[in-house]
Amino acid sequence: MNAIEVIGLEKKYGKTTAVDRLSFEIAPGEAVGLLGPNGSGKTTLLRMLATLLKPTSGYARVMDLDGRFQAPKIRRFLGFMPDQAAMEEDLSVEEYLVFFASLNGQSGAQKNSRVKGLLDLLDLGPVRDRATGALSRGMQQRVGLARTLIHDPAILLLDEPAANLDPRSRAEILAVLRELRRMGKTIVISSHILPELEDLCTRIVILHQGKLAFAGPLSEASARFRTRRRVDLRVGGDSTKLRESLAENTGVAEVAGSDGWIHITLKEDQQDIGFIARRAVELGLPVLALREEVPGLEEIFMQLTKEKKEP
Amino acid sequence: MRHVPLAALISREWRTSWADRGAYILRAAYAGALLAGTIAAWVLLPLVGSGNPDEYPEIIRSGFGMFCRGQFVLATMLAAMTFARAVCREQERGTLDFLILSPLTRTEILVGKLAGEFLGLTALVASGIPVLFLLIPLGGVSIPGILWLQVTILAQVLVVGGVCVALAAAIGRTFPVMLVAWALMVVAAIGHAVGRWWWPKSAVVWNLWESISVYDTLGRQLSRVQTEAGPAFKALAAAAVVSILCCAMGSLVLEKRFVRGVRVGMWSQVAARVRRFAGSLSGAWLFRPLIALDHPLVRRECAIYRDLPFRFCWMALVIGYAIIARNALHDSWGRWGDHAELASKGLGIGAVLAVLMGAITVGYDRRRGNLQTMLACGVAPEDIVRARMAGLVLRALHLMGLPVIHLALVSIPAGLCPPGEMLWRLPAALTGLLLGTIVMMDFTLKYALSFRRPEVAGVMAVLFALPLGALCMGFVGATFSTFSIGLPLLIVAILASGARNIRKLPKWVMR
């Protein structure tokens with residue numbers, strides 16, 4: 001059973017197609033990064049998955065429940081955090097969480113322990129009595145995450161949870177998300193901060209102009225979008241001769257150097273990288289380090305969106 | 001376990017809207033105002049009429065009747081504001097998503113919000129009841145009488161609440177919801193009378209309408225010697241049914257509007273067409289500004305052809321005025337008194353609209369941070385205040401212009417202005433009108449900038465700025481001596497008040 005199964009999902013606003021017949025699957029316990037430029041349909045997709053928006057056509061199945069007919073049941077499994085920190089400004093943090101716990105049918109000891117647990121998990125204890133409207137943006141995001149987790153959902157849909165946060169707050173939110181992933185939650189997270197997604201997610205879904213540009217494991221994306229391999233080499237002694245020698249090799253596209261490293265870009269058909277180390281040894285230079293650069297999420301994202309822009 | 005989430009929602013409504021400092025102050029102010037009125041009744045009663053104690057019950061009864069009608073109108077206004085804000089605020093903040101994702105159904109969400117706010121308003125009404133009991137020793141009113149009339153007023157609150165919740169689900173913006181709800185309540189109160197006059201053949205419909213109208217129930221209760229519990233509770237039960245039906249209807253609309261996503265609706269299409277027309281040469285003449293516009297901010301504020309709600313309001317007012325004038329006066333062109341009455345009422349409605357719209361537009365501009373941005377960009381506070389004032393006065397003059405011209409034309413035949421005094425009285429009245437309008441809009445601007453909630457600023461402006469403006473208008477235009485004293489005094493007062501607004505603007509906006 002998939003946690004989420006999207007089948008031909010489409011959303012149109014008048015003549016504009018926000019999401020164009022998407023189909024992909026997310027297994028339970030996976031952390032999936034949802035990427036795409038602004039206006040690519042990420043928020044619309046998340047709102048449709050959260051049953052807050054009806055698709056024009058197609059449907060999504062969540063925990064084997066059909067989004068078209070079983071929305072109230074689906075909502076029990078979902079925790080949705082929108083991109084804006086929507087707060088009840090007049091309630092204190094604790095009152096706010098207690099309200100949402102009660103709204104989800106919790107009462108008595110269960111409610112109190114749940115709220116206390118979340119206050120501890122998200123380090124909200126020191127601000128529990130402060131009005132949510134008076135909190136900093138970072139704290140509000142944490143309170144929002146606590147609200148999302150209040151009914152212990154199996155699936156988390158997070159729309160830009162770390163947007164507009166300072167690096168420390170971002171790191172703290174991501175640490176909580178890693179912990180949640182470890183606890184077995186399925187996480188779908190939309191973000192523009194790609195290096196952090198790379199750290200958290202095992203799979204990515206990339207949208208471009210409402211269409212599915214890529215959906216699959218990060219490693220597959222790296223392999224697919226690796227057009228040119230880059231190898232970094234560090235040797236002892238003077239590396240000038242080695243660089244000249246490598247530049248003359250037919251399998252090498254470009255050789256550059258900085259801070260004692262030699263950056264070698266290989267041609268597309270060049271598979272073997274052993275010749276680089278062999279050449280260094282032949283020239284009597286000790287090989288201190290040799291590493292292959294794997295294209296990161298940012299590179300994949302740029303490449304995908306660039307490809308789509310160019311007709 | 002469905003009662004747990006619903007109770008949580010009602011409790012939250014109570015906590016966030018009616019358990020804060022402002023709500024306590026409001027209840028205290030209401031009870032205080034009633035206490036002041038009651039003390040005044042005790043002190044002044046011997047001075048009214050012949051001073052005979054046998055007449056006291058009748059005087060108290062009639063005064064209490066007037067109070068109840070006033071309370072009815074105020075309760076309608078306040079209820080519309082409260083209920084509209086309760087639902088629209090959820091949508092504006094984005095917190096409605098969380099309620100929809102909860103186990104509550106949409107109808108339950110709306111019922112929960114309705115119940116929470118109704119509890120708050122009930123507490124407000126209840127806070128004044130013990131004070132009203134102080135009138136009982138004077139005669140004319142009894143404990144059941146006071147209670148049943150207050151129950152009738154609560155029935156009206158519930159009806160307004162239901163209507164507002166349904167409208168808020170459909171429209172989603174506080175101010176339009178309030179306006180539409182008020183308009184509907186006016187129609188509900190007087191519609192059957194107008195209908196009976198317009199189309200007397202459908203008497204059955206008008207009778208039925210009258211029998212279920214809460215305003216008429218209140219009137220019938222007041223006309224009885226002994227107020228009855230039955231009609232009051234019937235009205236409350238009917239109001240509860242109506243409000244729950246409204247919630248159910250609202251939930252359907254919410255489903256359609258909210259879950260299906262943003263759509264380019266009919267209103268937006270019409271608005272776009274009108275905006276295009278207004279920008280054209282042939283359309284702009286309708287709202288051409290009357291003064292030189294040097295400063296870009298003043299130009300922006302006075303570009304009223306871009307202000308769509310104002311424009312629709314103005315058109316509705318002019319068309320409505322023309323229709324009423326045509327229908328009400330077509331067979332009585334000779335009765336100049338009727339013309340004067342119509343013009344006065346038109347002037348009053350125009351002034352109320354100007355004040356309300358002014359307070360709410362400026363208030364929302366402040367809330368959205370537009371004024372803060374301007375100050376941060378280095379725009380001088382005096383430029384902002386002057387530009388806003390120019391815009392407000394211009395809009396007020398547009399809204400009040402037609403009735404004023406009508407009033408000026410009929411003032412001599414209607415006997416408002418003796419022909420011999422025309423030379424000074426007419427200019428004095430027009431000067432008084434201009435100065436009164438400026439005073440009114442100056443206070444409106446002050447309230448809009450200083451109050452946290454634009455709706456509260458609107459109500460305050462109607463309660464205080466409007467009577468003050470009318471007072472200034474009447475003072476300057478009354479006699480030659482009041483004109484000669486009032487004119488310089490008012491000019492100085494307006495300049496001083498403007499200077500105060502300029503001085504305080506950064507404090508109000510930057511907090």
Side-chain angles (χ1 to χ4, degrees), chain A residues 11-16 18-19 43-44 46-48 50-56 67 71-92 95-108 110-111 131-133 144 147-148 150-151 153 157 159, chain B residues 1-23 85-86 89-109 112-113 116 120 254-266 268-269 272 367 452-453 511:
Chain A
K11 182 69 191 175
K12 284 185 175 175
Y13 296 111
K15 288 174 187 169
T16 313
V19 167
T43 301
T44 307
L46 282 179
R47 289 182 72 82
M48 283 194 286
T51 69
L52 285 170
L53 203 59
K54 274 190 182 161
T56 310
K73 283 185 185 168
I74 286 177
R75 285 171 193 159
R76 285 185 214 154
F77 295 103
L78 290 179
F80 175 62
M81 186 175 170
D83 54 347
Q84 49 179 348
M87 290 282 145
E88 309 287 332
E89 290 166 6
D90 306 324
L91 294 177
S92 72
E95 284 172 338
Y96 182 69
L97 294 179
V98 165
F99 165 61
F100 278 99
S102 309
L103 211 56
N104 283 288
Q106 298 172 24
S107 57
Q110 182 203 9
K111 178 172 71 179
T132 53
R147 181 206 54 233
T148 310
I150 199 82
H151 58 298
L157 303 173
D159 195 358
Chain B
M1 290 294 284
R2 295 199 73 78
H3 64 279
V4 175
L6 197 58
L9 183 58
I10 295 170
S11 154
R12 187 200 64 169
E13 286 306 307
W14 169 265
R15 271 163 184 258
T16 52
S17 299
W18 295 99
D20 61 351
R21 195 180 55 172
R85 195 173 145 267
R89 193 178 52 172
E90 295 279 2
Q91 298 183 45
E92 285 159 7
R93 280 181 180 174
T95 47
L96 194 62
D97 285 357
F98 309 138
L99 295 180
I100 288 176
L101 285 174
S102 75
L104 292 173
T105 62
R106 288 184 180 80
T107 310
E108 283 170 340
I109 293 169
K113 295 200 74 67
L254 198 66
E255 166 83 28
K256 195 167 181 236
R257 197 180 133 257
F258 193 70
V259 180
R260 287 187 189 170
V262 184
R263 282 183 175 196
V264 183
M266 193 185 72
S268 309
Q269 287 175 9
R367 273 197 94 159
R452 198 159 65 95
R453 293 177 185 166
R511 70 185 167 196

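In the text below, chain A, chain B and the rest are named by the order of the sequence lines, each starting its count at 1.
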Quick one: CG on B/Leu99 to CZ on A/Phe100, what's the gap to the nearest 0.5 Å? 6.0 Å
Main-chain N/O of A/Glu95 paired with B/Arg12 side-chain donor or acceptor, under 3.5 Å: no
Proximal component of B/Arg93, with respect to chain A [non-hydrogen, under 4.5 Å]: both
Minimum side-chain heavy-atom gap A/Asn104-B/Pro5 below 4.5 Å: no
So, using salt bridge (Lys or Arg N to Asp or Glu O under 4.0 Å) as the criterion, who are the partners of A/Arg147 when residues are at least two apart? none
Rounded to the nearest 0.5 Å, what separates atom CZ in B/Phe98 from atom CG in A/Leu52? 9.0 Å
Nearest 0.5 Å, please: how far is CG in B/Leu101 from OG1 in A/Thr51? 5.5 Å
From A/Leu103 CG over to B/Leu104 CG, what is the distance, rounded to the nearest 0.5 angstrom? 5.0 Å
The criterion is side chain to side chain donor-acceptor pair (under 3.5 Å); which residues satisfy it with B/Asp97, sequence neighbours excluded? A/Arg47
